[in-house]
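What follows is a short report on a single structure.
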2 protein chains.
Amino acid sequence: MVLTTAEENYLKAIYHLSDGGTKSVSTNDVAAQIKTKAASVSDMLRKLGEKEVIEYRKYYGVNITEEGKKRALQTIRKHRLWEVFLVDKLQFAWDEVHEVAEELEHIQSPLLIQRLDEFLNYPKFDPHGDPIPDEFGDVRARPRVALIEMDIDQSGQIVAVKDSSAAFLKYLDKVGAYIGARIKVLDKVEFDGSMEILVDQKKTLFMSKDVAANILAIQS
Amino acid sequence: MVLTTAEENYLKAIYHLSDGGTKSVSTNDVAAQIKTKAASVSDMLRKLGEKEVIEYRKYYGVNITEEGKKRALQTIRKHRLWEVFLVDKLQFAWDEVHEVAEELEHIQSPLLIQRLDEFLNYPKFDPHGDPIPDEFGDVRARPRVALIEMDIDQSGQIVAVKDSSAAFLKYLDKVGAYIGARIKVLDKVEFDGSMEILVDQKKTLFMSKDVAANILAIQS
DNA sequence: TTACGGTTTTAGTCTTGACTAAAAATAAAA
DNA sequence: TTTTATTTTTAGTCAAGACTAAAACCGTAA
Ligand SMILES: [Mn+2]
Ligand SMILES: [Mn+2]
Ligand SMILES: [Mn+2]
Ligand SMILES: [Mn+2]
């Protein structure tokens, strides 16, 4: 059974909103994520339910099935591999890849993805630090914590961003935060939740709590 | 004005059938090429006419406009660049690329194509020997002649294939004909039009007139 | 000049994936 | 336990792109 581009996009959205299939997802949540109207979502949920990639109980939201999870992870795998390709091979900036990958992820060719993976040397993470599922849909997740959760004097390394919008990524470029940077929390301001971060042992960075909430690190 | 995937496919078909815009094209020809029904084609021709990429006179076939030619060549450029990518970078065989390129050619991103072109080192020909239009739609065509048109004792070099079907390309692989091969016509059989060809000064190849008609060479 | 065969267009239908407006169901408040 | 607010679904519509069947047109032959 084959999914259309629209169905793949819905399923991916449901997967993300459900935190990898752990939570159930409401019609309105999906509508917001996909930027469609709830009425359109209701329709699609019925169809995805019939295809048994989600379990759909009217008025009570949806849960993704095992089959659905597998399908969503395949699409996510393709999306992230293409992002790596665009950045590593075609010198795209990390804030330029998302829309293109959103299209490329729907190209149907198992051989293409297998060869692309090989060509990219089997990358484990995409340019935003998100893990790339293997061909069986297995994801090796790293324990990650938002910068905002870290305490003063704690050290670590930036490994991913929660928000992949161009606006946010460009801001990180501007201030010199990047994936792989070593960081240390110098100060947390009680009043507004903003933070002072030492980057690579040399540069001090001030960031609002909104920024700190969208940078993910591993602690060391 | 933006074209849908379907519209791009129709326009490309019309471009090819019209020999690069020189001949007018009938509804039935398009239907055969796209593998749809004439009724569907009529409908689409009306739409393409409204978008002024073709000139459509009911019952009298269509002619592609300058704007249409430009659009078609952009799609062809993308198709052929992706074919080069698949063969040169992902080790696809030349008979495996067409279907995938047929999808990839519709990805919308000028930056992607510009960077891909650069990454591939500005290739001038695709894996089947067809020229790749530049970003302005200019094609530098080589003078090519079908093998079947060559006379006994004439020499040359295989530069392209007319038929890009997997069946034909696999056959060429099997018998050892390839783009770039040096060839010489040893014999032409009056009776059935079949030919005897010397390849790379060492291997003799017998081919039917159908095969000889689909191999293109430059004479030397 | 008319009849005919082949080509093309029109008319009507279907599916997919959107939308708006209205109805129905659920959840929260009184 | 009603009432109300919010969410969700249904009903009806639309556009794109396909299809079949029927009508219209074109060019040729009688
Ligand atoms: Mn997508
Ligand atoms: Mn990403
Ligand atoms: Mn195509
Ligand atoms: Mn080609």
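Lettering of chains follows the sequences in order, A, B, ..., and the numbering in each one begins at 1.
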Which side-chain N or O atoms in residues 137-150 of chain A pair as donor and acceptor under 3.5 Å with protein atoms at least two apart or in another chain?
from     : atom 1 : to       : atom 2 : distance (Å)
A/Arg142 : NH2    : A/Gly129 : O      : 3.3
A/Arg142 : NH2    : A/Val159 : O      : 3.4
A/Arg144 : NH1    : A/Asp130 : OD1    : 3.4

Among D/dG17, D/dT8, C/dT9, the nucleotide that comes nearest once only the side chain of A/Thr27 is considered: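 Side chain of A/Thr27 sits closest to D/dT8.
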When the axes are fitted on five pairs at both termini, how much does the helix from C/dT1-D/dA30 to C/dA30-D/dT1 curve, in 10° steps?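 The angle separating the two end axes equals 30°.
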Hey, mind stepping through A/Thr75 and A/Tyr15 against side-chain contact (heavy atoms from CB on, under 4.5 Å) and telling me if it holds? CA-CA 11 Å; A/Thr75 306; A/Tyr15 178 85; over 6 Å; no
Within a 6.0 Å radius of atom [atom1] on [X], are there more than 12 heavy atoms belonging to other residues, nucleotides or ligands?
X	atom1	result
A/Lys188	NZ	yes
B/Glu66	CD	no
B/Glu52	CD	no
B/Lys89	NZ	yes

Assess, by modelled atom type and distance only, whether the side chains of [X] and [Y] contain a donor and an acceptor separated by less than 3.5 Å.
X	Y	result
A/His16	A/Gln33	no
B/Ser26	B/Asn28	no
B/His79	B/Asp126	no
B/Gln108	A/Glu103	no

How many whole angstroms separate atom [atom1] of [X] from atom [atom2] of [N]?
X	N	atom1	atom2	value
A/Leu48	C/dT16	CG	P	12 Å
B/Arg46	D/dA16	CZ	C1'	11 Å
B/Glu50	D/dA16	CD	C1'	13 Å
A/Arg57	D/dT9	CZ	C1'	15 Å
B/Ile34	D/dA16	CD1	C1'	15 Å
A/Leu45	C/dT16	CG	P	16 Å

Can you say whether the rings of B/Tyr171 and B/Phe168 are parallel (under 30°), tilted (30 to 60°) or perpendicular (over 60°)?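 Plane angle under 30°, so parallel.
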What residues, two or more places apart in sequence or in another chain, satisfy salt bridge (charged side-chain N to carboxylate O under 4.0 Å, His left out) together with B/Lys51?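 For B/Lys51, the residues satisfying salt bridge (charged side-chain N to carboxylate O under 4.0 Å, His left out) (neighbours in sequence not counted) are B/Glu7.
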Within 45° of the ring axis of B/Tyr10 and under 6.0 Å from its six-membered ring centre, is that where the NZ or CZ of B/Lys47 lies?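 B/Lys47 over B/Tyr10 ring: no.
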Please give me every residue in residues 3-11 of chain B whose heavy atoms get under 4.0 Å of an atom in DNA chain D, ordered by residue number. B/Thr4, B/Ala6, B/Tyr10
Under 4.0 Å between a side-chain N/O of B/Asn28 and OP1 or OP2 of C/dT8, yes or no? yes
Under 3.5 Å between N/O atoms: give me all the protein pairs with nucleotides 24-28 of chain C, atom names plus distance.
from   : atom 1 : to      : atom 2 : distance (Å)
C/dA25 : O4'    : A/Tyr59 : OH     : 3.4

Please list, pair by pair, any protein nitrogen or oxygen found under 3.5 Å from a nitrogen or oxygen in nucleotides 19-22 of chain D.
from   : atom 1 : to      : atom 2 : distance (Å)
D/dC19 : OP2    : B/Lys37 : N      : 3.0
D/dC19 : OP2    : B/Ser40 : OG     : 2.8
D/dT20 : OP2    : B/Lys37 : NZ     : 3.2

